[in-house]
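Worksheet: one structure, shown below.
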Number of protein chains: 2
Amino acid sequence: MPESHHADIRSLDLFSEMEESNFKALMRGSYVQNFPQRIELIMEGESSDFLHVVLSGSVDLYSCWNDQETSMATIRPVSTFILAATIKDAPYLMSARTLEKSRIALIPSQDVRAIFDIDAAFARAIVNELAQCYRTVVKNTKDLKLRSSLERLANYLLRQHNKTGSSVIDLSMEKRRLASFLGMTPENLSRAFKGLSPFGVTVSGSQIKIGDVETLEAFAKPSVLIDNMQS
Amino acid sequence: MPESHHADIRSLDLFSEMEESNFKALMRGSYVQNFPQRIELIMEGESSDFLHVVLSGSVDLYSCWNDQETSMATIRPVSTFILAATIKDAPYLMSARTLEKSRIALIPSQDVRAIFDIDAAFARAIVNELAQCYRTVVKNTKDLKLRSSLERLANYLLRQHNKTGSSVIDLSMEKRRLASFLGMTPENLSRAFKGLSPFGVTVSGSQIKIGDVETLEAFAKPSVLIDNMQS
DNA sequence: TCAACCGTTTGACATTAATCAATTGAAGCG
DNA sequence: CGCTTCAATTGATTAATGTCAAACGGTTGA
């Protein structure tokens, strides 16, 4: 892999603390590839030969069953995905496709497992990352099971607001994908936006404006145990 | 902790491969406690001081939001729970209560983290367990987002059938808890059982009989990427 | 510029699931 | 044994969400 990408990967929590020699060993078998928009990177059920790192662009993780498809997560730079499958050497549970032109690093899974055993800092970083992923999915499940679609949308907007600090939110994805991520149909999302207008939410294209955060929070009732992205 | 319980814990995947001296060190600060039925072990939001191991009995993991409660998982012997919170030293995302009289081992979280750093086998076991937990929750999310409540129930019954090998399934929990776990109301579960009778499912109390597995499978369309408990 | 395309929105309607209220049924206890 | 209690069931109703079809609107490319 070209040295130029090492810094990006090295800056990830997952790789920042490990021994330089082990990092170099990991990079030796790895390579970076550029993908156009809407390219299938992996299909669920396949075996997990590579740990993937999104260097630029973005990737959609999704799953299918019975001719339906649902969006599970969006991966943005610089993050890894399918770490669990890599660790367990088990089939992917989710498919992945690029949402836009993306640069992806591919690190052989067996190298990851091998270095894990000899580098304690790397091991600790991996376990931290996995624990983080686990907690994210648990929060997602709570969101799905305890909230209505209107409440899910309201809290999604508030999370985006907390992330960017701006009261104008750019969805930065198709509304149909947001709908799928939130577990509803595009039609329903459209109506949900309308349903939030009494709480000061206005829509213009992919720009969503939160008129008054307190009003929206009073409806959405965000919880640190569901909506806090850090812990 | 009394030596008598060591064997149970040692036999867990999580502890079976580690150095004996490290295992002893872990046990030194640990203790075992007996709890009656329906005792709150932990509340979501609290800090995670102990890794818990269910030695006997069973434990319900559940979450609350806005005066609602939903059952997330049932932990049976011999398994750990809240590993992710222990690892990350972050607040619990789920509450836990005993479903019946239970014996629980409590291992100080800081000891777990300390031994993790010096015992590669333990580290590998932890990361495997976490990856397993992660994949279980992902499957759960797919189940929730891609299936109707009738389909979820049908697949749940087939999973139990695969686990026990018997075509008569004992629910071994209140139906209201099963309903909550499957993301529906008790009333709806009752009707869902009725809705499965055309596919050979008959109910008598907590005993569910699958008349013909193929017929039920034809309806449920189980998938290894959602319903396979092993991988 | 205009036509074609595709995501979004809207309305009407169907389906699914939740709620409320009442009843049944089984377990525990005096 | 009969009373109490609570989970489970049933029926009627309402609410939430999905489906289908049509219209709208922005983008692309001839």
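Chain letters run A, B, ... following the sequence lines, proteins first, then strands; residues in each count from 1. Remember, predicted model here, so these are calculated numbers, not experimental data.
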## Note on the structure
B/S/- along nucleotides 13-19 of chain D (protein heavy atoms under 4.0 Å) is ----SSB
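The CG-P distance, from B:L144 to C:dT16, rounds to 18 Å in whole Å. Atom CD of B:Q37 is separated from atom C1' of C:dA27 by 13 Å (rounded to the nearest Å). Between the NZ atom of B:K145 and the C1' atom of C:dT16 there is a distance of 18 Å, given to the nearest Å. Counting to the nearest Å, the C1' atom of C:dA27 and the NZ atom of B:K175 are 15 Å from each other. Straight-line distance from the CG atom of A:L146 to the P atom of C:dA17: 17 Å, rounded to whole Å. What separates CG of B:L189 from P of C:dA17 is a distance of 12 Å, to the nearest Å. Nucleotide C:dG7 holds its P atom 16 Å from the CG atom of A:L171, rounded to whole Å. Put simply, CZ on A:R176 is 6 Å from P on C:dT8, counting in whole angstrom units.
Side chains of B:T74 and B:R177: a donor on one and an acceptor on the other come within 3.5 Å.
A salt bridge is absent between B:E129 and A:K88; no separation between the charged side-chain nitrogens and carboxylate oxygens falls under 4.0 Å.
Residues forming a salt bridge (charged side-chain N to carboxylate O under 4.0 Å, His left out) with A:D143 (at least two apart in sequence, or on another chain): A:R147. With sequence neighbours excluded, the residues that form a salt bridge (charged side-chain N to carboxylate O under 4.0 Å, His left out) with A:E69 are A:R97.
Ring-plane geometry between B:H52 and B:F81 is classed as tilted, the angle between the planes lying from 30 to 60 degrees on a 0 to 90 degree scale.
Comparing D:dA8, D:dT9, C:dG7 against the side chain of B:S190 picks out D:dT9 as the nearest.
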### Query
Can you check salt bridge (Lys or Arg N to Asp or Glu O under 4.0 Å) on B:E151 and B:K145, steps first, answer last?
CA-CA 11 Å; B:E151 290 165 338; B:K145 289 183 76 175; over 6 Å; no
